[in-house]
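Following: one structure in C-alpha cells, then a few remarks.
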Amino acid sequence: EVQETPVAKSSSVKKITDLDDAELDLFFSNFDARLYGHGRFKEEFKELVTSFRVFNKLGEHKILSLFLMGDSGIGKTEVARTIHKALGSQAKLAKINFGNYSSHDALNSLIGSPLGYIGSDGGELLKRVNESDIGLILIDEFEKADNAVFNYFLDVLENGKIVNSQADEYDVNGYIIVFTSNITKENFKSKISPELRSRFDYKGVFNLLTDEDKKKFVHFRVNQIITKYREFVSADIPDRLHDVIVSEINVSQFKNMRDLNKKIKDTFVAHIKSWFIKRFMVYLWQRNGNKKSDSVCFTDNTNNVDTIC
C-alpha cells in the first residue's frame, strides 16, 4: 500500500514564540510603526503576546486568537498584514475570506472533501498555511461562515492542530490567528456561540482613525509609493512630489482607509502621467528647433497644478 506524504509540520515556520528578547523588541517597534492609530489595541496586543509566549512554553496556551470587530476599511485586516511584515515574511500571508464559506458544504471546500469523493483534496486552509513562512493565519469576515465551520475552528483553537478531511495534521501550536468581522459589538453574542467566544483571547472593536492618524498614513504611503516607483520604474519624478500629493488630500473626507489609499494612488498616477506628458512636450518642442530656452513652462489646470516648468 502506498503511503501518502505527510503534511509538513510548522517547525520551519517563524512564529512569535520563537523570537528572542531583542527580536521581540524589534517586532513590536516595526508593528507600532506600520500600524497607524489604534493605540489602545497596540498596548493590549503587546501584553497578550508577552503572556502567550510564557504560557505557550508551559504547554497551556497553544494559539493566540484575536477577534476584531468594526466597520470595513478601518484597519482590522491591516493588523494581520502588519504582523506578517513585522515578522519578516518572504512569502504569502495565509488568508481565508469566509465570505466564500457561507454555504452548507463550505467545510468541504475549507478542509477538503472526504476520501473517495471525486476531486478530493486537502482543502484551501492547509494549502494557504503551507504557502506561508510565518505562524499567522488571517480569517476575514468570519461571521459569514456556517455552523460547521464555526465548530471546526472551535476544535482548532482548543487543540492547536489543523486537520483536513484526509486526516492530515498540521501543528499550529505557537500561531497567531486573526479573525475579523464587520458585525457590531451588540450582534457579537447572538452570532458567535458562547463556546467559541470563550476561545478568543482578545475581543475588540476597532473605531475610525483620527484625522491626525490618517495624515501620518498619507505621509507614509506616499513615501512608500515613491520609493517603490524609483526602485522598480524610474528615478525620474517631479520635485516635491510627496509634498504636492499630501497637500491635495483632505483626510477628513475619508472614513474608510481603503478609499483613502485609493485616493493616494490615483493622485500619484495623475501627477506622474502629467509629468511625463510635459516632458514629452518639451522633447517635441526642442526637437522642432525651438531651443531659445533650456526650459519650457506649460499650464495645466488639472490636479490643482497651475504651471510646471
Side-chain angles (χ1 to χ4, degrees), residues 35 37-38 40-42 44-45 48 52 61-84 92-113 123-129 132 134-165 170 172 175-209 255-261:
L35 184 68
H38 309 300
R40 179 179 175 183
F41 168 76
K42 289 177 181 177
E44 293 174 335
F45 177 62
L48 282 167
F52 173 61
H61 197 169
K62 295 183 178 180
I63 294 173
L64 177 60
S65 54
L66 313 176
F67 191 92
L68 308 179
M69 294 170 276
D71 293 335
S72 177
I74 59 174
K76 304 186 302 296
T77 299
E78 195 62 28
V79 168
R81 293 196 183 108
T82 304
I83 295 171
H84 184 248
K92 295 179 180 179
L93 169 62
K95 175 184 177 181
I96 302 289
N97 190 319
F98 273 24
N100 303 322
Y101 289 91
S102 56
S103 64
H104 292 299
D105 61 347
L107 188 60
N108 289 341
S109 299
L110 187 68
I111 65 172
S113 302
E124 185 181 7
L125 181 57
L126 271 183
K127 179 177 183 294
R128 299 298 180 201
V129 171
S132 179
I134 293 294
L136 171 70
I137 302 172
L138 168 62
I139 306 295
D140 261 341
E141 299 185 284
F142 184 64
E143 79 282 359
K144 294 184 178 179
D146 71 353
N147 287 332
V149 174
F150 285 166
N151 291 334
Y152 176 79
F153 271 91
L154 183 65
D155 187 66
V156 170
L157 295 177
E158 176 70 19
N159 297 313
K161 293 181 180 179
I162 292 174
V163 183
N164 67 11
S165 61
Y170 192 100
V172 289
Y175 269 56
I176 298 174
I177 301 183
V178 179
F179 300 86
T180 74
S181 173
N182 293 335
I183 61 174
T184 63
K185 181 180 180 181
E186 292 71 26
N187 291 333
F188 177 58
K189 290 185 177 181
S190 62
K191 184 64 179 177
I192 308 298
S193 70
E195 295 81 9
L196 188 53
R197 293 201 305 267
S198 68
R199 296 297 193 281
F200 297 133
D201 299 306
Y202 179 88
K203 301 173 281 288
V205 179
F206 269 35
N207 298 312
L208 297 175
L209 294 181
K255 293 183 178 180
N256 188 306
M257 296 300 288
R258 293 190 184 96
D259 292 340
L260 178 57
N261 188 47

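Note that the numbering runs from 1 along the sequence shown for the chain.
With sequence neighbours left out, H84 forms a ring-ring contact (aromatic ring centres under 6.0 Å, His included) with no residue at all. Annotation: side chain to side chain donor-acceptor pair (under 3.5 Å) contacts of E44 (sequence neighbours excluded): R40, Y202. Partners of K42 under the side-chain contact (heavy atoms from CB on, under 4.5 Å) rule, at least two apart in sequence or in another chain, are F31, D32, L35. Partners of N151 under the side chain to side chain donor-acceptor pair (under 3.5 Å) rule, at least two apart in sequence or in another chain, do not exist in this structure. Residues meeting the side-chain contact (heavy atoms from CB on, under 4.5 Å) test with N207, sequence neighbours left out: V205. The salt bridge (charged side-chain N to carboxylate O under 4.0 Å, His left out) search around R197 returns none, not counting sequence neighbours. Here N97 pairs with N100, D140, E141 under the side-chain contact (heavy atoms from CB on, under 4.5 Å) rule; sequence neighbours left out. Applying the side-chain contact (heavy atoms from CB on, under 4.5 Å) rule to N147 yields the partners F150; only residues at least two apart in sequence or on another chain are considered. Residues forming a salt bridge (charged side-chain N to carboxylate O under 4.0 Å, His left out) with E143 (at least two apart in sequence, or on another chain): none. Not a single salt bridge (charged side-chain N to carboxylate O under 4.0 Å, His left out) links E195 to another residue, sequence neighbours left out.
At a threshold of 4.5 Å between non-hydrogen side-chain atoms, the residues D201 and H61 count as touching. At a threshold of 4.5 Å between non-hydrogen side-chain atoms, the residues I162 and Y152 count as touching.
Sorted by first and then second residue, the salt bridge (charged side-chain N to carboxylate O under 4.0 Å, His left out) pairs with a member in residues 177-193 form an empty list; sequence neighbours excluded. Sorted by first and then second residue, the salt bridge (charged side-chain N to carboxylate O under 4.0 Å, His left out) pairs with a member in residues 148-161 read E158-R199, K161-E169; sequence neighbours excluded.
Counting only distance, with no hydrogens or angles, the side chain of S132 and the backbone of V129 share no donor-acceptor pair below 3.5 Å.
Between F200 and F142, the ring planes lie perpendicular to each other; the angle is over 60°, past the 30° to 60° tilted range.
Of the residues F188, F153, F206, the one that meets the ring pair (Phe, Tyr, Trp, His ring centres under 6.0 Å) test with F67 is F188.
Salt bridge absent: K127 and E124 never bring a charged side-chain N and a carboxylate O closer than 4.0 Å.
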